[in-house]
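A short worksheet on the structure shown next.
None of these values were measured; they are calculated from a predicted model. Naming: A, B, ... by sequence-line order, numbering from 1 per chain.
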2 protein chains.
Amino acid sequence: MVTLAQLACFIAVAEELHFGRAAERLRMTQPPLSRQIQLLERHLGAPLLDRSSRSVRLTPAGRAFLDDARRILRDTERATLAVRQIGAGTSGTLRIGFTAGSAHSGLQDVLQLARAELPSVAVDLRELVTQKQHEALSEGAIDLGIARPASRPPHLSFRALYEEPFVAAVPVGHPLSSGDEPLPLTALHQINAVMYSPIDSRYFHDLLTRAFSDLGVIPQAVQHLSQIHSMLALVQAGWGLALVPRSATRMRFEGVRYRPLRADVPLKASLELVWRSANDSPALLRLLELLPAPDDDARP
Amino acid sequence: MVTLAQLACFIAVAEELHFGRAAERLRMTQPPLSRQIQLLERHLGAPLLDRSSRSVRLTPAGRAFLDDARRILRDTERATLAVRQIGAGTSGTLRIGFTAGSAHSGLQDVLQLARAELPSVAVDLRELVTQKQHEALSEGAIDLGIARPASRPPHLSFRALYEEPFVAAVPVGHPLSSGDEPLPLTALHQINAVMYSPIDSRYFHDLLTRAFSDLGVIPQAVQHLSQIHSMLALVQAGWGLALVPRSATRMRFEGVRYRPLRADVPLKASLELVWRSANDSPALLRLLELLPAPDDDARP
DNA sequence: TTTCCTTACGCCTATCGTAAGCATA
DNA sequence: TATGCTTACGATAGGCGTAAGGAAA
């Protein structure tokens, strides 16, 4: 079989048109170089070089083969580099699932890091609720999920990503819309509130329901929704107030005021990273290495 | 350095996903195959296969590299074949010079043979008088000439290609246009004749001049031309008769009759192949091998 | 006579095959 | 226990380097 080393030998001789100089370039002596060229010619079944003891010239076949040999070697070089990069996790594709709410917080951190540290990694994003992310991970449809805490099947791995408090979104003019001090949760007793769907936003629903019942607070649920921006639209229309993760305050709604809750309110919205434990994607492993521990609520 | 053999090993394992079957396909035993894969992975700096003792799967890097490896091997295969064909003279390009007159005879034989036996060889044709062909051959501008006999510089090689007698082209109504018996050359004594240019058709000019003077025949030259079809046009117009190579009878001119010359007339128009002795074009050498010895005047 | 490609030959590295090792279902 | 990849090891083939050969200017 023809070898890549033989191609390199031929290219050197074809470019130098001199066995001695070509051998020097290849860090070897002339005789083995001659032999390699002879072997190559025998393998190919045609002479590539016309060599009298005083000159070396390319045959027509050699001219044609030179281009091919150069391309083959370049291609091999390129493929080697590509594999090295993919293996190092600095190249390839990363499919990331995220919940709608994480678009304001955790997802941005992950994307920023990926773009900064793994610029050659292509990122595929798809918005999925937590349960759908778990399914997609199990099927290998995505590599990484940014999801709310939920059940923890053993074949998936988890890591805390982000935690933030809730704030109250209050329509301007509402009795609770005035005042600057943080609100206690008890302020919501008997108050009209837009709540989370127990099905599509089960995590938030359960979280708030538990917190309210622990304190004996009973808000008046006027609607159950799953998308935060829809809830804020209802708040804006004056239906009532809503409790949303603080990062949602990045959405500015005319006529909606955000008020922080008192520090003793035990409500935290968490995001976590989820991946299939058996996933060997170098890009995923590299990203997980790079992602720092969650820095709590250092941001708005 | 990565070797093509290693690429072949990897492709086999990647396709079989089983070292044993892959080794069988490669006509070798498993252990060296395992070792080659290990070496390849070390060279590349990244694992290509994820193998537990019960299953073999491709890593992301392996998936990407598989395509590259396949392409590199295919490319090498293709280049090998191409070089073999060029070396065998069954591919490549052949630049052929020819004299206008040879278009009716020798050139057609050469082209027919090339098309039949060397279908992958591209043929470049250019019409050149004999002297220009010699120059073009010396400069390497053409590979093969189809020319009239002339000087024989030592760096050019020659071979007789075709030989044919002359015929007389006579305008209908001319005294010599009637009768079926071959004409003797003496019939042209004192007769109006269209002759060949001593410059551009030196070969024909010298040939006829010598034949006439040997017999003491003196035709009346009414014009000197170099292109046979121009001479026939003058014959058609009644200026006189002309002696043309028999293959020119393939040109049918209304009002022109061709009469053969007597067999004892020592007039033969020759064509020869000319090439640069140092030309190593396999296509040329192959064509020269294939071209039979001239078969004299077996054709019209 | 010099240049420079080729042939000859000994050494050594690398691959192969056989055999044993070892993990997993 | 059987399957199947890996490690160990001896034999061999092929490549490299040194030295000698041979053709051309």
Let's see if you can work this out: which of dT6(C), dC16(C), dG17(D) has an atom nearest to the side-chain heavy atoms of P32(B)? dC16(C)

In this structure, how many angstroms lie between the P atom of dT18(C) and the CE atom of M28(B), rounded? 12 Å

Nearest-angstrom distance from the residue atom CD1 of I37(A) to C1' of dG15(D): 14 Å

Rounded distance in Å - CG (L26(A)) to P (dG17(D)): 10 Å

Can you tell me the distance, in whole Å, between the CZ atom of R27(A) and the P atom of dG17(D)? 12 Å

When you match Q30(A) and Q6(A) each to their closest nucleotide on DNA chain D, which lands nearer the 5' end? Q6(A)

NA contact type, L39(A), heavy-atom cut-off 4.0 Å: base, sugar-phosphate, or nothing? sugar-phosphate

Salt bridge flag under 4.0 Å for residues R286(A) and E289(A): yes

To the nearest Å, give me how far apart CE (M1(B)) and C1' (dA14(C)) are. 16 Å

Does a side-chain N or O of Q36(A) approach OP1 or OP2 of dG14(D) to a distance below 4.0 Å, or not? no

Rounded interatomic separation in angstrom, taking CZ from R57(B) and C1' from dC5(D): 15 Å

Of all the nucleotides listed (dC4(C), dT18(D), dC5(D)), which has the minimum atom distance to the side chain of H18(A)? dC4(C)

Starting at CG of L40(A) and ending at C1' of dT6(C), how long is that distance when rounded to a whole Å? 17 Å

Which sits closer to the 5' end of DNA chain C, R35(A) or P31(B), going by the nucleotide each is nearest to? R35(A)

Would R51(B) pass as a cation-pi partner of F19(B), given that its NZ or CZ must be under 6.0 Å from the six-membered ring centre and within 45 degrees of the axis? no

Of the nucleotides dC5(C), dT18(C), dG17(D), which has the atom closest to the F19(A) side chain? dC5(C)

Which nucleotide in the set dG17(C), dT6(D), dA19(D) lies at the smallest distance from any side-chain heavy atom of R51(B)? dT6(D)

Kindly assign one of parallel, tilted or perpendicular to the pair F10(A) and F65(A), based on the angle between their ring planes and the thresholds 30° and 60°. tilted

Without hydrogens or angle criteria, can the side chains of S138(A) and H155(A) be said to hold a donor-acceptor pair below 3.5 Å? yes

Counting only side-chain N and O atoms of S34(A), is one of them less than 4.0 Å from OP1 or OP2 of dT6(C)? yes

Strictly by modelled atom types, are S277(B) and S157(B) linked by a side-chain donor-acceptor pair under 3.5 Å? yes

Between C1' on dA8(C) and CD on Q38(A), what's the gap in Å once rounded to a whole number? 13 Å

